[in-house]
Amino acid sequence: MSLKSEASHPLPKAGILDISPYVPGKSAARGAKIYKLSSNESPFGASPQAVAAYSSKSNLLALYPDGSAAELREAIAARYGLNAGSIVCGAGSDELLQLLAHAYLAPGDEAVYSQFGFLVYPIAIASNGAKAVVAPEVNHTTSVDEMLKCVTPRTKMVFLANPNNPTGTYLPFDEVKRLHAGLPKTTLLVLDAAYAEYVRRNDYESGLELVATSDNVVMTRTFSKIYGLAGLRLGWAYCPAHVADVLNRIRGPFNVSAAAMAAGVAAINDQKFVEAAIAHNEKWLVLLTEQLQSLGLKVTPSVGNFLLIHFAASGKKTAGMADAFLNEHGIILRRMEAYGLPNCLRMTIGDEEANRAVVSALTDFLK
Ligand SMILES: *Cc1c(COP(=O)(O)O)cnc(C)c1O
């Protein structure tokens, strides 16, 4: 038997080459001053205490980090009143979402996410040979009924970003509980709460309670958004003990860097900094929504640190034309074609100067 195959180079597993790579937000535009509002990064940057903790590791780069991330898990546990053993840290929550899919999905399995859900989910699902099943949304909001209709005996995972990116909409806790109640005990519900800190709604819960009281729910959180540490890659998952055990078996033994852990501990202990970011966002979320609406633009009601702005489908005021115009003025928002929202742009809430620059440029564009 010949060991030679037809291929001229090594080939990846079936399905890998069908994956559309994730396209990050642009970071370059024309103009002296650039306002990058394309990746939901914090206009406040990181806490000065986190920056100092990061720098303090610079003369220890030869040493491996603590692979158990004990200090960071203890800091997170203390902040939220959790058991540190139920926390697993990762290089961004993206890594944790990938590890969960890697552990629980195999060819033949299905995983459900909602129509305008975060695009990391289909990548994680397809990377493991499983089938992504997409539940239609209603008014750019996840529909629990539609999600549950998609569940079959093959459904191993359900991904829910709450609030969701890029729509900014959220599900009240009652609805999340209804979704959970409709799932088989063997289906893992992943609650991606990347924007939880920004939400100011009495009926919202990030999922801590549901994880603590069930065996098939995981919540993921990130230091990339309100903590302003996206460049360091740091996230965490709160899991039932059996899921934490699984993640700890398959993750890289040193998956989080020493500098990231040090910065994360300092960041979570500087809640004053977080409060300032929350207050700024709360104010500008309302102001920007009103100002954009008064320009005649439809804005999806958001509880996050970003807005989904809708433009005309044809004519001279389309999303593509708005994007080009904004780029000319040094403003970068996020195009939404990859999400099936070609008539929308997503705007991260920036600092006051950036926010005013967007409103002013869109006012000129729409004249
Ligand atoms: C930004 C974001 C994340 C965070 O990803 P990290 O890997 O932690 O930077 C996770 N989920 C959603 C929905 C996001 O928008």
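Counting starts at 1 for both ligands and their atoms, in listed order.
When heavy-atom distances to ligand 1 are checked against 4.0 Å, the residues falling inside are G92, S93, D94, F118, N165, D192, A194, Y195, T222, S224, K225, R233, ordered by chain and number.
If you chain together ILVMFWY residues whose side-chain heavy atoms come under 4.5 Å of each other, V303 ends up grouped with Y170, V199, Y204.
Ring geometry, F365 versus F325: the interplanar angle falls from 30° to 60°, so the pair is classed tilted.
I226 and F118 are members of different hydrophobic clusters when ILVMFWY side chains are connected at heavy-atom separations under 4.5 Å. Note: the hydrophobic cluster containing L119 does not contain Y195 (ILVMFWY, side chain heavy atoms under 4.5 Å, direct or indirect links).
For D364, the salt bridge (charged side-chain N to carboxylate O under 4.0 Å, His left out) partners two or more places apart in sequence, or in a different chain, are K367.
Among residues at least two apart or in separate chains, salt bridge (charged side-chain N to carboxylate O under 4.0 Å, His left out) pairs with a member in residues 35-44 are K36-E41.
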